Amino acid sequence: MLSKKQLRSDIETVEKALKKRKFSFDINHLNSLENKRKKNQVETQELQNLRNIRSKSIGKAKAAGEDIEPLLAAVADFADKLDVAKSELQIIQSQIDEIVMAMPNMPHDSVPEGDSEEDNIEVSKWGEPGQYDFEVKDHVDLGELHGLDFEAAVKISGARFSVMTGKIARLHRALTQFMLDQHVENNGYTEAYVPYLVNAESLTGTGQLPKFETDLFKTHLHGEEGDAKTLYLIPTGEVPITNMVRDTIVKESDLPLKFVGHTPCFRSEAGAYGRDTRGLIRQHQFEKVELVQVVKAQDSYQVLEELTGHAEGILQALNLPYRKVALCAGDLGFSAAKTYDLEVWMPGQNAYREISSCSCFEDFQARRLQLRWKNPTTNKQELLHTLNGSGLAVGRTLVAILENHQQDDGSIRIPDVLHSYMGGITIIN
RNA sequence: GGAGGGAUGGCAGAGCGGCUGAAUGCACUGGUCUUGAAAACCAGCAAGGAUUAAUCUCCUUCUAGGGUUCAAAUCCCUAUCCCUCCA
């Protein structure tokens, strides 16, 4: 959520920044609501003040043993007036909230202009796409040789699910373990195990709600829909991990907070019909190792580079060619101020495909989360900055390994760093 | 499944209709003292919001949402979470 203070005092800057990401809003409407709010709020507070004063005087009179009847009469018609004023104010405020909650974050100055992924800018590149002296297969054909089974998944659940058995299932598990160990042992993250079903407050905190409910799987617990308690399957580990520290004032000595967690992710993929229907690229359920950091405002952009580097470290260790891309304003996620995507080379598709998305949210999430620290120099509670990134998406990493490390007979070379996690297996054939 | 008890500021913990935005302790900040530190003593110290050039002032908030009342941390109802006991 953007700062309402800024929306009041400096709406032009907000408008300009959001225009960069093609988001427009009705300034006049917002301003007129704001003016109404101001007038209403002042009136309401005056009424409340009067009521408080009179109530106090009644208390005093009673304590002094005086007759309070005339005082009661004087205050009699207050309640109605106050009720009307209060409910009007509430309506206006919820109208404003609705607008503000639907406004995305402002892009950082360094974010390139542009409308779509076409306009993203390549920042760096690591490794060279491999040269193959045979016809490369894509991961679906390769996977089916080694235990990747989409037919079984369709039978069990339907489209966009997968089943893995044998060595490929183990490779999938090995990747997860390797990533977690790497981030815990070498990059200084604290491992976190978190719930996969979360409440609406958590999703509001990180920005998935109220705007993107249709992307989520929704469950209800005891009772009919409507009055049942609603829980959502997490679309990313970011949600539970970041919300661990919702409504807290973090001790300075605990900063920065660095968490890594492995979770499944569930996405309805609404609006993605027909895209990436083949294979593991776009699934309703997939695994991800998620990095989350909570830092002081002044550190956040340096930490974004660092966190992105941690994700890159995994790709490098697995010897997977990739490039780092700065998302343009139009391609930025709702809550992000700046995002780097890491795109891994996929020989089967002859293209770079997203495998990690690393974002700085500045105080956009922290404001919703009420996530603060006490700054000793100002002696004030200040919002922290949040960041997260995939380190990495496990399913897509599996795809990348299959496609990049395939050999002409369809076998797969296992990268060295995974051998110990594979019980010594160096090749899948 | 049943019966109770609880949720209060950064933390711990009083208060149980009006003088309580909230005692006290800890933590924190400033000061006195000290060569320095500790201790002791003194002072300050919740958040959010409205208004303001700023100060002042005002409003809201004692888990959340409703209700009673001129007045609610305090009484009533509902929800959530925690704890204890019984089956």
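Lettering follows sequence order; numbering is per chain, from 1. Given the structure is predicted, the values throughout are model-derived calculations rather than measurements.
The pair A:Arg323-A:Asp341 fails the salt-bridge criterion, with no side-chain N (NZ, NE, NH1 or NH2) lying under 4.0 Å from an Asp/Glu carboxylate O. Ion pairing between A:Asp10 and A:Lys16 fails under the 4.0 Å rule for side-chain N and carboxylate O. Remark: A:Arg267 does not engage A:Asp215 in a salt bridge, criterion side-chain N to carboxylate O under 4.0 Å. Between A:Lys218 and A:Glu213, at least one side-chain N (NZ, or NE/NH1/NH2) sits under 4.0 Å from a carboxylate O, which counts as a salt bridge. A salt bridge is defined here as a Lys NZ or Arg NE, NH1 or NH2 lying under 4.0 Å from an Asp or Glu carboxylate O, and A:Glu269 with A:Arg282 meets this definition.
B:rG9 sits 16 Å from B:rU60 when the C1' atoms are compared, rounded to a whole Å. For the P atom pair drawn from B:rU68 and B:rC76, the interatomic distance equals 15 Å after rounding to whole Å. B:rG44 and B:rG25 have their P atoms separated by 13 Å, given to the nearest Å. Taking the P atoms as reference points, B:rG21 lies 37 Å from B:rA3, given to the whole Å. With C1' as the reference atom, B:rA64 and B:rC11 are 23 Å apart, rounded to whole Å. When the P atom is used for both B:rU78 and B:rU29, the distance is 46 Å, rounded to whole Å. Using atom C1' as the reference point in both B:rC62 and B:rG48, the two lie 15 Å apart (nearest Å). Straight-line distance between the P atoms of B:rA27 and B:rC19: roughly 31 Å, to the nearest whole Å.
Nucleic acid contact class of A:Arg367 (heavy atoms, under 4.0 Å, all strands): none. At the heavy-atom level, A:Ile249 lies under 4.0 Å from the strands shown only through sugar-phosphate atoms. Among the protein residues, A:Gln381 comes within range of the sugar-phosphate backbone only, with heavy atoms under 4.0 Å from sugar or phosphate atoms but none that close to a base.
Ranking B:rA47, B:rU60, B:rG49 by closeness to the A:Gln48 side chain, first place goes to B:rU60. The side chain of A:Ser55 approaches B:rG18 more closely than any other nucleotide in the set B:rG18, B:rG10, B:rU51. The A:Gln45 side chain lies nearest to B:rC58 when the options are B:rG10, B:rU51, B:rC58. The A:Gln41 side chain lies nearest to B:rG49 when the options are B:rU51, B:rA46, B:rG49. Comparing B:rC59, B:rU51, B:rC70 by their nearest atom to the side chain of A:Asn49 picks out B:rC59.
Stacking of A:Lys324 on the aromatic ring of A:Tyr340 is recorded, both the 6.0 Å distance cut-off and the 45° axial limit being met.
Atom CH2 of A:Trp373 is separated from atom P of B:rA46 by 19 Å (rounded to the nearest Å). Regarding A:Lys251, its NZ atom lies at a distance of 11 Å from the P atom of B:rC28, rounded to whole Å. Distance, A:Glu201 CD to B:rG65 C1': 12 Å, rounded to whole Å. Nucleotide B:rC70 holds its C1' atom 11 Å from the CZ atom of A:Arg54, rounded to whole Å. Nucleotide B:rG49 holds its C1' atom 15 Å from the CG atom of A:Asn40, rounded to whole Å. Put simply, CD on A:Gln370 is 15 Å from P on B:rG9, counting in whole angstrom units. Rounded to whole angstrom, the span from the CG atom of A:Asp247 across to the C1' atom of B:rG9 amounts to 14 Å. Summarising the geometry, the separation between CG on A:Leu82 and C1' on B:rA72 is reported as 15 Å, rounded to the nearest angstrom.
Both distances falling under 3.5 Å, in either a Watson-Crick or a G-U wobble arrangement, place B:rA3 opposite B:rU84. With a cut-off of 3.5 Å on both pairing distances, the Watson-Crick or G-U wobble partner of B:rU78 is B:rA64. Applying the Watson-Crick and G-U wobble criteria (two distances, each under 3.5 Å), B:rU69 pairs with nothing in any strand. Nucleotide B:rG44: paired with B:rC28 (Watson-Crick or G-U wobble, both distances less than 3.5 Å).
Put simply, NZ on A:Lys125 and OH on A:Tyr322 are 12.5 Å apart, with the number rounded to the nearest 0.5 Å. With rounding to the nearest 0.5 angstrom, the CD1 atom of A:Ile92 is 7.0 Å from the CG atom of A:Leu33.
Side-chain nitrogen and oxygen atoms of A:Lys60 include none within less than 4.0 Å of the OP1 or OP2 phosphate oxygen of B:rG18. OP1 or OP2 of B:rG18 has not a single side-chain nitrogen or oxygen of A:Asn52 nearer than 4.0 Å. A close approach under 4.0 Å does occur between a side-chain nitrogen or oxygen of A:Arg51 and OP1 or OP2 of B:rU60.
Comparing A:Leu50 and A:Ile58 against RNA chain B, the residue whose closest nucleotide sits nearer the 5' end is A:Leu50. In terms of position on RNA chain B, the residue among A:Lys5 and A:Gln90 whose nearest nucleotide sits closer to the 5' end is A:Lys5.
Looking at A:Lys62, its side chain comes within 3.5 Å of the base of B:rG18 through a donor and an acceptor atom.
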